[in-house]
Every structure is written in structure tokens, then in C-alpha cells.
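Single-structure report; data block below.
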Amino acid sequence: MTKETSHISSEQQRYAFLLQLGSRIGLAVLIASFLAYVFGLIPAHVPLEQLTQLWHLPLHEYLEKTNTPTGWNWVSLATKGDISNLIGIAILCASSVLCLLAVIPVYARRGDKVYVVLCILAIAVQLLAASGILSVGH
């Protein structure tokens, strides 16, 4: 530990390290998926030539005409160039959950029950939000 980081707690260092790692991985996946899409290395779900004819449509019509799934059903098309970027976004979003999971044992060893509960609640809220259960029209 350097002089500059000696005042930073172990859970802060753990959280920051994992958040930085998750951010870098998510960004790398975003860049790689974008380049793969742009250079045609993986086929798109909606071909670029068709996209320009469809992007003026209201969302529900666009989804219907392109047979594009909503919610977590995008995972079934994750190998498509125009959908694969969602993998990087999912990694970025999941990073904070993994960070919280990683600091729970530190708080538990210290007996910081309030922080353990707060971490669990924060994880639960994020998972509930990601589940889509609270979505309008669900």
C-alpha cells in the first residue's frame, strides 16, 4: 500500500479495483462488438441497408417489423452484430453488483451488520430493476 492509498479502507480498495476491472472489461467488449459490427465480422440482426428504412418508425412498429425481442430476450440475439453491444452494457451494469458482493464479507468479518444489510438491499434493488418485473406493461 502506498502512502497515498494508506488511508483508503480495504473495502474501498476492493470495490474500486473490481469496478475498474468491470469497467475496463465492459468497455473492451463494447469496442470489440462495435468493431465487429462495423466491419461485418458478425452478421447484424437488422441489416444496415434495411435499418435506414426503419428507423423513422415508432418503437413498437420497429420491434414488430424487425422481430426484435424486448427485455432480457435480447440474449437470444447476442451473437448478432447490432445486438452484441448489449453484452458490454450488461457487464458495465453488473459491475456494481459484483463490487457490492465482494465487500459484504469484509463488512461481515468486521461485524458491520448495517453495511451488510445495505449492500444486500442495494443488490436486491439492482436485481429487481434489471429483472424487468417493474416494467410498464409487464
Side-chain angles (χ1 to χ4, degrees):
M1 198 177 315
T2 67
K3 190 174 185 178
E4 297 89 32
T5 61
S6 62
H7 66 284
I8 300 172
S9 67
S10 62
E11 68 272 13
Q12 288 174 323
Q13 289 178 4
R14 181 181 289 197
Y15 191 100
F17 171 77
L18 291 172
L19 188 60
Q20 180 182 38
L21 181 64
S23 298
R24 288 181 176 175
I25 291 170
L27 183 60
V29 170
L30 277 170
I31 291 168
S33 62
F34 176 74
L35 292 174
Y37 170 61
V38 168
F39 291 111
L41 301 176
I42 50 179
H45 174 64
V46 179
L48 198 52
E49 1 4 287
Q50 186 182 357
L51 183 62
T52 57
Q53 300 165 357
L54 298 169
W55 64 24
H56 71 281
L57 296 174
L59 179 60
H60 69 279
E61 286 182 45
Y62 174 86
L63 294 173
E64 185 179 303
K65 287 188 186 269
T66 60
N67 197 26
T68 301
T70 58
W72 281 98
N73 295 325
W74 68 266
V75 174
S76 65
L77 296 176
T79 59
K80 300 295 184 180
D82 50 344
I83 307 291
S84 63
N85 63 332
L86 294 177
I87 298 168
I89 294 169
I91 292 170
L92 290 170
C93 293
S95 292
S96 62
V97 171
L98 297 175
C99 294
L100 288 167
L101 284 170
V103 297
I104 288 174
V106 177
Y107 291 136
R109 275 193 300 277
R110 255 196 241 148
D112 289 334
K113 293 176 186 171
V114 172
Y115 285 122
V116 170
V117 170
L118 287 173
C119 287
I120 292 169
L121 289 173
I123 292 167
V125 167
Q126 290 180 49
L127 293 177
L128 181 63
S131 73
I133 292 172
L134 304 176
S135 298
V136 176
H138 183 14

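Computed from a predicted model, the values in this text were never measured in an experiment.
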field: Val125 and Leu128, any side-chain heavy atoms less than 4.5 Å apart
entry: no
task: Applying side chain to side chain contact (heavy atoms under 4.5 Å, CB included), run through Trp72 and Leu86 and close with a yes or a no.
output: CA-CA 10 Å; Trp72 281 98; Leu86 294 177; over 6 Å; no
- prompt: Do Phe17 and Ile8 share a hydrophobic cluster, counting only Ile, Leu, Val, Met, Phe, Trp and Tyr and linking them when any side-chain heavy atoms are less than 4.5 Å apart?
  reply: no
- line: Residues Ser95 and Gly22: closest non-hydrogen pair is OG-CA, 3.3 Å
message: Checking one residue: Leu98. Which other hydrophobic residues are in its cluster under the side-chain 4.5 Å linking rule?
response: Tyr15, Leu19, Val97, Leu100, Leu101, Val103, Ile104, Tyr107, Val114, Tyr115, Val116, Leu118, Ile120, Ile123, Leu127
Sub-4.5 Å side-chain heavy-atom contact between Leu51 and Tyr62: yes
field: pair Ser33-Ile87: side-chain heavy atoms closer than 4.5 Å
entry: no
Qualifying residues under side chain to side chain contact (heavy atoms under 4.5 Å, CB included), relative to Leu18, sequence neighbours excluded: Arg14, Cys99, Ala102
task: Could you state whether Leu92 and Trp74 fall into the same hydrophobic cluster, counting links through intermediate Ile, Leu, Val, Met, Phe, Trp or Tyr residues with side-chain heavy atoms under 4.5 angstrom apart?
output: yes
field: Connected via hydrophobic side-chain network under 4.5 Å: Leu57 and Val46
entry: yes
Side-chain (Asn85) to main-chain (Phe34) donor-acceptor, under 3.5 angstrom: no
task: Hey, could you give me each pair passing salt bridge (Lys or Arg N to Asp or Glu O under 4.0 Å) that has a residue in residues 43-70? Not counting sequence neighbours.
output: none
- prompt: Closest heavy-atom contact between Ile91 and Val29?
  reply: CD1-CG2, 3.8 Å
- prompt: Are Leu30 and Val38 grouped together when hydrophobic residues (ILVMFWY) are joined by side-chain heavy atoms under 4.5 angstrom apart?
  reply: no
task: Please go through Val117's hydrophobic cluster and name the other residues, only I, L, V, M, F, W, Y counting, with side-chain heavy atoms under 4.5 Å joining them.
output: Leu121
- prompt: Applying ring pair (Phe, Tyr, Trp, His ring centres under 6.0 Å), which residue pairs with at least one partner in residues 77-98 are found, sequence neighbours left out?
  reply: none
- line: Residues pairing under salt bridge (Lys or Arg N to Asp or Glu O under 4.0 Å) where one sits in residues 98-127, two or more places apart or in two chains, turn out to be Glu11-Arg110, Arg110-Asp112
field: Thr68 OG1 to Ile83 CD1 distance, which is reported to the nearest 0.5 Å
entry: 5.5 Å
